[in-house]
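Chain naming here is simple, since letters A, B, ... match the order of the sequence lines and numbering starts at 1 in each. As the structure is a prediction and not an experimental result, all values here were calculated from the model.
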There are 2 protein chains.
Amino acid sequence: MTETAAPGRVLPHPDRTEIRLEGVLHALSDPVRLHIVRELATAADELSCSRFDLPVTKSTTTHHFRVLRESGVIRQCYRGTAKLSGLRRDDLDDLFPGLLDALLTAADGQYARLGDDV
Amino acid sequence: MTETAAPGRVLPHPDRTEIRLEGVLHALSDPVRLHIVRELATAADELSCSRFDLPVTKSTTTHHFRVLRESGVIRQCYRGTAKLSGLRRDDLDDLFPGLLDALLTAADGQYARLGDDV
DNA sequence: CTACTTGTACGATAGACCTCGTAGTACGAG
DNA sequence: CTCGTACTACGAGGTCTATCGTACAAGTAG
C-alpha cells in the first residue's frame, strides 16, 4: 500500500476561510517556525519533520509544527511513521496575494544581511 | 523645577539595521496593532494617538504604540501634549521590499471578507 | 496660577507561549 | 512477536503578553 490515506490518523486543518492573517503572522514571528517555512519553501515536495535540523527538542518541534498547521500555514499528513509537511501555497496566495513571497524574500534578505540562522 | 523623568522627551527608536522581521511580524500579529497600522497607512500625515478609536484603555494603547515603535514599524515624536505616529515606510520598504504593501493588502482583503474590525 | 487634555509609569493579574522531560502510540522491518 | 524509528500527549517551569486601574508628568488654554 502506498498512496491510500492513512487509517485513522487525520490531522485537523483550518479551512481556507478560517485562516486569519493575525494567526499567520504570529506563526511566522517565531524564528524556529520561520526557519521551517523557509526550508519548506525551497523544497519542491513535502518534507518529514525529521528532515529539519532545529535547535530544539522533538517535543518542541512537534509544538511548532502544530502551530504552523493550526494557523493554516502548512498542511500535514501521515505516511507511515513519518509526517509530511508542505506549505499551503495555494490557499495563502489566494487569501493574501503576494504576501508569502514578500515574506520569504524578506526572510532571505534578513538572513543574508545578518547571517543569523534559526 | 524638577526634571525627574523628563529627559527632553525623546523616544528611543531602533536603527534601521536593528529592525527584525520576526519583531515586525509579532507586532502586527495583534489585532489592535494591525488596526493601528492600517489607519496609519491610509493617513497621509502622522496621527496622534488620540485619533484612534480602539477598544482598549489608554494604558493599553500606550503599550501597543510602544510595541510598534520598538519593533521598528512606526516612528513617534512629541508635538505639544500630543504624540504623533507615522509608519516607517521608507525603512520597511528598504529592508523588506513589498512586504508592507502585501500585508496591508492582505489585511484589507481579510477585513473586507470578514468585516471583523479590530 | 488653575484646569484640562494627552499621554506615561507602575503594579497587578490572568492568560498565552516556548521549552523541556517523560511516557506512550503508530508503523514498518526483521 | 519484538524491536527501533518517528512522532505525540501530558504536565511543568519560566517567561512574555495584554489588559486594566490609579497616580502622575508635560503642555496648553483660561
Side-chain angles (χ1 to χ4, degrees), chain A residues 1-13 20 22-36 46-71 73-86 118, chain B residues 1-13 20 22-36 46-71 73-86 118:
Chain A
M1 299 299 186
T2 49
E3 60 191 359
T4 50
R9 305 190 67 190
V10 177
L11 293 159
H13 289 75
R20 301 265 299 161
E22 299 93 321
V24 172
L25 297 183
H26 170 253
L28 298 181
S29 68
D30 183 278
V32 175
R33 293 194 289 261
L34 187 57
H35 179 81
I36 293 174
E46 304 189 313
L47 296 178
S48 78
C49 297
S50 59
R51 292 285 296 275
F52 294 85
D53 187 29
L54 302 173
V56 291
T57 64
K58 280 199 299 180
S59 299
T60 307
T61 300
T62 297
H63 160 71
H64 284 308
F65 272 95
R66 179 168 45 210
V67 172
L68 286 171
R69 173 169 45 82
E70 292 180 348
S71 66
V73 176
I74 67 173
R75 211 186 315 267
Q76 294 186 293
C77 65
Y78 284 102
R79 205 177 81 182
T81 61
K83 186 162 73 169
L84 301 184
S85 302
V118 177
Chain B
M1 270 325 219
T2 63
E3 54 168 348
T4 51
R9 307 255 284 165
V10 176
L11 292 159
H13 288 76
R20 300 266 298 163
E22 299 92 320
V24 171
L25 297 183
H26 171 253
L28 298 181
S29 68
D30 182 278
V32 175
R33 292 195 290 262
L34 187 57
H35 178 81
I36 292 173
E46 303 188 315
L47 296 179
S48 79
C49 297
S50 60
R51 291 284 297 274
F52 294 85
D53 186 29
L54 301 174
V56 292
T57 64
K58 280 198 303 179
S59 299
T60 307
T61 300
T62 297
H63 161 70
H64 284 309
F65 272 96
R66 179 168 46 210
V67 172
L68 286 171
R69 173 170 43 83
E70 292 180 347
S71 66
V73 177
I74 68 173
R75 211 187 315 266
Q76 295 186 294
C77 64
Y78 284 101
R79 206 177 81 181
T81 62
K83 187 163 73 168
L84 301 184
S85 301
V118 176

* To do: Please state whether the base of dA9(D) and the side chain of Ser59(A) form at least one donor-acceptor pair under 3.5 Å?
  => yes
* Measure the distance from CD on Gln76(A) to P on dA6(D) and round it to the nearest whole Å. => 16 Å
* Asked: Under 3.5 Å, is there a donor-acceptor pair between the side chain of Thr60(B) and the main chain of Val56(B)?
  -> no
* Asp30(A) CG - dT17(D) P separation (whole Å) -> 12 Å
* Asked: OP1, OP2 of dT6(C) versus side-chain N and O of Arg79(B): anything below 4.0 Å?
  -> no
* Would you indicate what Arg51(B) reaches in the nucleic acid, counting non-hydrogen atoms under 4.0 angstrom: base, sugar-phosphate, or nothing? => nothing
* Asked: If you check the Ala82(B) side chain, which of dG7(C), dC7(D), dC20(C) turns out closest?
  -> dG7(C)
* To do: Mind calculating the distance between OH (Tyr78(A)) and P (dC7(D)) to the nearest angstrom?
  => 9 Å
* Asked: Contact class for Thr61(B) vs. all strands (heavy atom < 4.0 Å): base, sugar-phosphate, or nothing?
  -> nothing
* **Nearest-angstrom distance from the residue atom CG of Leu28(A) to P of dC18(C)** => 12 Å
* Structure fact -> Rounding to 0.5 Å, atoms CD (Gln76(A)) and SG (Cys49(A)) come to a distance of 5.5 Å
* What nucleic acid atoms does Ser50(B) come within less than 4.0 Å of, heavy atoms only: base, sugar-phosphate, or nothing? -> sugar-phosphate
* **Nearest-nucleotide pick for His64(B), side chain only, options being dA18(D), dG21(C), dA26(C)** => dA18(D)
* To do: Would you tell me if any nitrogen or oxygen in the side chain of Thr57(B) comes within less than 4.0 Å of OP1 or OP2 on dC20(D)?
  => yes
* Asked: Roughly how far apart are Arg33(A) CZ and His63(A) NE2, rounded to 0.5 Å?
  -> 5.5 Å
* How long is the gap from OG on Ser71(B) to CZ on Arg66(B), to the nearest 0.5 Å? -> 12.5 Å
* **Spacing between His63(A) atom NE2 and dT19(C) atom P, to the nearest angstrom** => 7 Å
* Return the value, rounded to whole Å, for the distance between atom CG of Leu84(B) and atom P of dT6(C). => 13 Å
* Does Thr60(B) place a side-chain N or O at less than 4.0 Å from the phosphate oxygens OP1/OP2 of dC20(D)? -> yes
* In whole Å, what is the span from the NZ atom of Lys58(B) to the C1' atom of dA9(C)? -> 13 Å
* Asked: Of the nucleotides dA26(C), dA9(D), dC18(C), which one has an atom closest to the side chain of Arg33(A)?
  -> dC18(C)
* Out of dT19(D), dC17(C), dC7(D), which nucleotide sits closest to the side chain of Val32(B)? -> dT19(D)
* Do His13(B) side-chain atoms and Leu11(B) backbone N/O form a donor-acceptor pair below 3.5 Å? -> yes
* To do: Give the rounded distance in Å between these two atoms: CG of Leu11(B) and P of dT6(C).
  => 18 Å
